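Worksheet: one structure, shown below.
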Amino acid sequence: GIQVEQSPPDLILQEGANSTLRCNFSDSVNNLQWFHQNPWGQLINLFYIPSGTKQNGRLSATTVATERYSLLYISSSQTTDSGVYFCAVERAGNQFYFGTGTSLTVIP
Amino acid sequence: NAGVMQNPRHLVRRRGQEARLRCSPMKGHSHVYWYRQLPEEGLKFMVYLQKENIIDESGMPKERFSAEFPKEGPSILRIQQVVRGDSAAYFCASSQFVPGASSYEQYFGPGTRLTVT
């Protein structure tokens, strides 16, 4: 399978700060998605981004497929951003390989 | 992703009982995936199904676990003779077939939290 590494594993931010989360993967992929798992355990789709850059409000993501990494940017963080951020990649049109996540805590 | 429905949301079973988890994909989606999440870990793929077909079950334990996606009705993940190690969150995802696409965006349900006592 594909190895997916996320960094940092844990992150504590003051409200209003910016952050960058990284996802490295070990092989070429057809699909990459970023998810936010909120404190209630629900997985929220953030970005479907096999390559290129996308922005959605305070969040943006960039995937450089040729170099096998993706970055998730969170600007002006809010307490509601707390939770675990997962990167997941897919190669053959079926299963996702998930990273172990970045646990984000935003303090007021 | 709110369109993927899973029930029950919480399930408690005693060791040796059977657990049946249900997943209704988003409207128009014909692909269903099941994942398991152990505490403090990422999600691990279990099985990928299309209507009436199992496409990839490489992540499914060989014994006690089975999955189906019938022509009518939800997808079912069935765990027979549950053991404490089966306690986990089980997530279902669905995607839509797009002709010519090499990948499909997956949308996740809220999960079923199984506790085996």
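Labels below follow one simple rule: chain letters A, B, ... track the order of the sequence lines, proteins then strands, and each chain is numbered from 1. Not measured: the values here are computed from a predicted model.
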Check your understanding: Counting heavy atoms not belonging to Q81(B), are there more than 12 under 6.0 Å from its CD?
Key -> no

**Study point:** Heavy-atom contacts under 4.5 Å, residues 32-41 of chain A to chain B
**Key:** Q33(A), F35(A), Q37(A), W40(A), G41(A)

Review point. Is there side-chain contact between N31(A) and E105(B), with at least one heavy-atom pair below 4.5 Å?
Key: no

Check your understanding: Given that the side chain runs from C-beta out, which part of F86(A) has a heavy atom under 4.5 Å from chain B: side chain, backbone, both or neither?
Key -> side chain

Check your understanding: Between F108(B) and F98(A), how do the two ring planes meet: parallel, tilted or perpendicular, split at 30° and 60°?
Key -> perpendicular

Review point. Between S82(A) and V106(A), is there a donor-acceptor pair closer than 3.5 Å when you use the side chain of the first and the backbone of the second?
Key: yes

Review point. Does atom CD of E5(A) have more than 12 heavy-atom neighbours, drawn from other residues, nucleotides or ligands, at distances under 6.0 Å?
Key: no

Review point. With distance as the sole criterion, is a donor-acceptor pair present between the side chains of T53(A) and T62(A) under 3.5 Å?
Key: yes

Review point. Heavy-atom distance under 4.5 Å to chain A: side chain of Q37(B), backbone, both or neither?
Key: side chain

Review point. Got a donor-acceptor contact below 3.5 angstrom from the T102(A) side chain to the Y85(A) backbone?
Key: no

Check your understanding: Just by modelled atom types, is the G111(B) backbone N or O under 3.5 Å from a matching donor or acceptor in the Q6(B) side chain?
Key -> yes

**Study point:** Interface residues of residues 55-65 of chain B facing chain A - non-hydrogen atoms under 4.5 Å apart
**Key:** D56(B), S58(B)

Check your understanding: Which one of S75(B), S95(B), S94(B) satisfies the side chain to side chain donor-acceptor pair (under 3.5 Å) criterion with Y33(B)?
Key -> S95(B)

Check your understanding: When you check the side-chain N and O atoms of Y35(B) and Q106(B), is any donor under 3.5 Å from an acceptor?
Key -> yes

